[in-house]
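Here is the structure we will look at.
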2 protein chains.
Amino acid sequence: MNVFDAPGITAVGLLYEVHAALSTRFAAQFEEHGLSTVEFEVLTRLARSPQNQLRMTDLAAQTTLSTSGVTRVIDRMERDGLVTRRACPSDRRSSFAVVTTAGLQRLNEVLPGHLRIIEEWFTGQLDPESLKALVGALRRVRDAVHPCATAGSDSKCDETKEPEPTA
Amino acid sequence: MNVFDAPGITAVGLLYEVHAALSTRFAAQFEEHGLSTVEFEVLTRLARSPQNQLRMTDLAAQTTLSTSGVTRVIDRMERDGLVTRRACPSDRRSSFAVVTTAGLQRLNEVLPGHLRIIEEWFTGQLDPESLKALVGALRRVRDAVHPCATAGSDSKCDETKEPEPTA
DNA sequence: CGGGGAATATTGAGCTGGCTATAGTTGCTT
DNA sequence: AAGCAACTATAGCCAGCTCAATATTCCCCG
């Protein structure tokens, strides 16, 4: 009847609802372990990077934060002992954020519950074919609207840009 | 090999990526018309409500904002002439937010482009069967993790809680 | 070499939203 | 009928983020 019932609106609305529900649930579990969502994201990104480290700029590119946002979240996490800063030997402008053993341990405390929630709230709700269809459709959309897609052969978008882990 | 390649992580990561890409694109278009994402969401919610109005509390329940957040966004939108406050005749504690004709006009300026972006970035990337599968899967997850689902027969979750329009 | 433009991280200023307290209102209960 | 608990909107305070400005460093090109 009205525009708000358009199929596209419904689909996007569902996507937003699921995203919001998952985000809220994830955040609640992160908080049980004294982490915010961005802190978990930073830990994850660092832990899956070579030598458990990433330049501030690259960390910003892999998260939803600006570079100044990264500076501040690393400030907090360094204060809490989860990461440290390390000067880049080859470029004195850059500095690395390195996850500490305490940071890795914190991540290991959080991950099992995180995976359990994903299973309980998301993947476990779908039979394998539906999940495969969902992932396939999302991947197609992602590939089509990926920042690289619109920027053409932008070299900034190299293969190191992985799907965001969960946050 | 490592935990980050678990299927659930990949699926959630894709969901987050698509959500982030759409959010960013939507926000850019909203900004062309001088609206923020929450302002668009408020306009949409009001416009699809009876008499173009909603109590502050109900508006908060239908958005991602707290009640004080709603107070403030309505402050800004009232200042910009998009909505007005109206006292509730039957309950002097409540007040309605009512969308003005200027607000409706602004919404009508934004919506066509919004729908076009949804088509271009999302639904248009999928063949009809894939889109149907995607919507079906999302709906199943949504129904399973919907706030009402965990709260049991919580009367606060009535049928007026629709899928979020797009933001 | 050496200068100008790009890149990098950080800081300050400002905006936005949540949490909590508060004041006013309602309606139930005894 | 009175009191009390719940509800409603708002204001104060604070956390976290982005944007713009800044200082330092790198690189390219003459």
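Order of the sequence lines fixes the chain letters, A, B, ..., with proteins taken first and strands second; residue numbering starts at 1 for each chain.
- Counting any heavy atom pair closer than 4.0 Å across all strands shown, B:Ser95 reaches sugar-phosphate atoms only and no base atom.
- Rounded to whole Å, the distance from CG on A:Asp75 to C1' on C:dT11 is 10 Å.
- As a whole-Å value, the separation of A:Glu39 CD from D:dA15 P is 14 Å.
- Put simply, CZ on B:Arg86 is 18 Å from C1' on D:dA9, counting in whole angstrom units.
- The interatomic distance linking A:Asp91 (CG) with C:dA6 (C1') rounds to 12 Å, in whole Å.
- Within the nucleic acid shown, B:Thr71 comes within 4.0 Å of at least one base atom, counting heavy atoms only.
- Nucleic acid contact for B:Arg72: base, since at least one base atom lies under 4.0 Å from a heavy atom of the residue.
- At the heavy-atom level, B:Val73 lies nowhere under 4.0 Å from the strands shown.
- Considering only side-chain N and O atoms, B:Arg55 lies under 4.0 angstrom from the phosphate OP1 or OP2 of D:dT8.
- Note: CG (B:Asp80) to P (C:dC15) measures 13 Å, nearest angstrom.
- Between A:Ser90 and A:Val70, the residue anchored nearer the 5' end of DNA chain D, judged by the nucleotide with its closest heavy atom, is A:Val70.
- Within the 4.0 Å cut-off from OP1 or OP2 of D:dC7, not a single side-chain nitrogen or oxygen of B:Arg92 is found.
- Side-chain N/O atoms of A:Arg85 include one lying less than 4.0 angstrom from OP1 or OP2 on C:dT10.
- If you check the side chains of A:Ser130 and B:Arg140, you find a donor sitting under 3.5 Å from an acceptor.
- Atom CZ in B:Phe96 sits roughly 12 Å away from atom C1' in D:dT8 (whole-Å rounding).
- Within 4.0 Å (heavy atoms only), B:Ser68 reaches at least one base atom of the nucleic acid.
- Rounded to whole angstrom, the span from the CG atom of A:Leu65 across to the C1' atom of D:dC17 amounts to 8 Å.
- Between the CZ atom of A:Arg76 and the P atom of C:dT11 there is a distance of 14 Å, given to the nearest Å.
- Below 30°, between 30° and 60°, or above 60°: for A:Phe30 and A:Phe40 the angle between ring planes is below 30°, a parallel geometry.
- Under a 3.5 Å cut-off, the side chain of B:Arg106 and the backbone N or O of B:Leu82 do not form any donor-acceptor pair.
- For A:Ser94 and A:Arg55, the side-chain atoms include at least one donor-acceptor pair closer than 3.5 Å.
- Side-chain atoms of A:Arg93 come within donor-acceptor range of the base of C:dA7, with a qualifying N/O pair under 3.5 Å.
- A salt bridge is defined here as a Lys NZ or Arg NE, NH1 or NH2 lying under 4.0 Å from an Asp or Glu carboxylate O, and A:Arg85 with A:Asp75 meets this definition.
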